[in-house]
Undergrad: 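Sending over a structure as structure tokens; questions will come in a sec.
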Amino acid sequence: MSDLHIRPAGLTDIDTVLRFWREAAEGTSISDDHDGVARLISRDPEALLLADRDGRPVGTVIAGFDGWRCSVYRLAVHPDFRRQGIATALMEAAEQRFLSLGGRRADAMVLEANERAHHTWAAGGYRREDHWRRWVKPLSD
């Protein structure tokens with residue numbers, strides 16, 4: 001897959017990434033806006049990985065590390081480019097980032113209803129942990 005280029009997204013990529021997520025990502029997040037993505041990139045410039053082919057965005061993953069946990073969010077591949085190894089390449093890049101930072105285990109947030117994603121994560125060696133549940137509290141209205 002030599003024509004695939006994976007790089008950290010920069011501040012100039014924010015609008016492109018947001019458009020991409022509206023088309024390719026499953027569901028939305030409270031942080032899916034310009035300010036939210038800008039905060040991510042400003043705080044950790046290497047966390048948001050963008051895959052492109054011929055200058056066109058085809059995939060993303062957020063590989064966040066807070067010094068304690070390796071967290072994976074927003075693994076998304078454009079529908080026209082699925083089943084071509086892009087998700088695998090993005091996850092390999094994320095896992096290499098985690099290893100270089102001293103990470104020990106990656107945790108992925110995966111929507112329960114997104115069964116297609118369950119197969120992707122399982123194929124990548126991830127397993128579901130049913131004894132954990134995510135608890136959330138919005139910090140603003």
Undergrad: For Ala24 and Arg82, work out which heavy atoms get closest and say how close.
TA: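 In this case the closest contact between Ala24 and Arg82 is O-NH2, 3.0 Å.
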Undergrad: Taking Asp80 first and then Arg53, would you say they form a salt bridge - that is, a charged N and a carboxylate O separated by under 4.0 Å?
TA: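 No, Asp80 and Arg53 are not salt-bridged.
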Undergrad: How close do Glu46 and Pro8 get, heavy atom to heavy atom, and via which atoms?
TA: OE1-CG, 3.3 Å
Undergrad: How long is the gap from CG on Asp54 to NE2 on His5, to the nearest 0.5 Å?
TA: 12.0 Å
Undergrad: Compare every heavy atom of Val77 with every heavy atom of Ala87, then report the nearest pair and how far apart it is.
TA: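 Taking every non-hydrogen atom into account, N-CG2, 3.8 Å.
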Undergrad: Could you give the distance from SG (Cys70) to CZ (Arg97), rounded to the nearest 0.5 Å?
TA: 9.0 Å
Undergrad: Please report the closest heavy-atom contact between Leu50 and Ala9, naming both atoms and the distance.
TA: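 Taking Leu50 first and Ala9 second, the nearest heavy atoms are CB-CB, 4.2 Å.
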Undergrad: Which atom pairs, donor and acceptor, lie under 3.5 Å between side-chain atoms of residues 56-69 and protein residues at least two apart or in another chain?
TA:
{"residue": "Arg56", "atom": "NH2", "partner": "His78", "partner atom": "NE2", "Å": "3.2"}
{"residue": "Thr60", "atom": "OG1", "partner": "Trp21", "partner atom": "NE1", "Å": "2.8"}
{"residue": "Thr60", "atom": "OG1", "partner": "Arg74", "partner atom": "O", "Å": "2.9"}
{"residue": "Asp66", "atom": "OD1", "partner": "Trp68", "partner atom": "N", "Å": "2.7"}
{"residue": "Asp66", "atom": "OD1", "partner": "Arg69", "partner atom": "N", "Å": "2.7"}

Undergrad: Measuring from Asp32:CG to Arg22:CZ, what's the distance to the nearest 0.5 Å?
TA: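 Interatomic distance, Asp32 CG to Arg22 CZ, rounded to 0.5 Å: 9.0 Å.
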Undergrad: Provide the closest heavy-atom pair for Leu18 versus His34 in the form atom of the first, atom of the second, distance.
TA: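 Nearest heavy atoms, Leu18 then His34: CD1-N, 3.5 Å.
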Undergrad: At their closest point, which heavy atom of Ala106 faces which heavy atom of Val72, and how far apart are they?
TA: CB-CG2, 4.3 Å
Undergrad: If only atom types and distance count, is the side chain of Asp33 paired as donor or acceptor with the main-chain N or O of Gly36 below 3.5 Å?
TA: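 Looks like yes, one N/O pair under 3.5 Å.
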Undergrad: Rounded at 0.5 Å granularity, tell me how far CG in Leu48 sits from CZ in Arg7.
TA: 9.0 Å
Undergrad: Working to the nearest 0.5 Å, report the span between CG of Leu4 and CG of Leu90.
TA: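 Reported value, rounded in 0.5 Å steps: 7.0 Å.
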Undergrad: Give the C-alpha distance, both sets of side-chain angles, the deciding distance and a yes or no for side chain to side chain contact (heavy atoms under 4.5 Å, CB included) between Met91 and Glu95.
TA: CA-CA 6 Å; Met91 286 311 304; Glu95 291 165 8; 3.9 Å; yes
Undergrad: Test of understanding: clusters of I, L, V, M, F, W, Y form through side-chain heavy atoms closer than 4.5 Å, transitively. Do Leu99 and Leu49 belong to the same one?
TA: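 Hydrophobic grouping puts Leu99 apart from Leu49.
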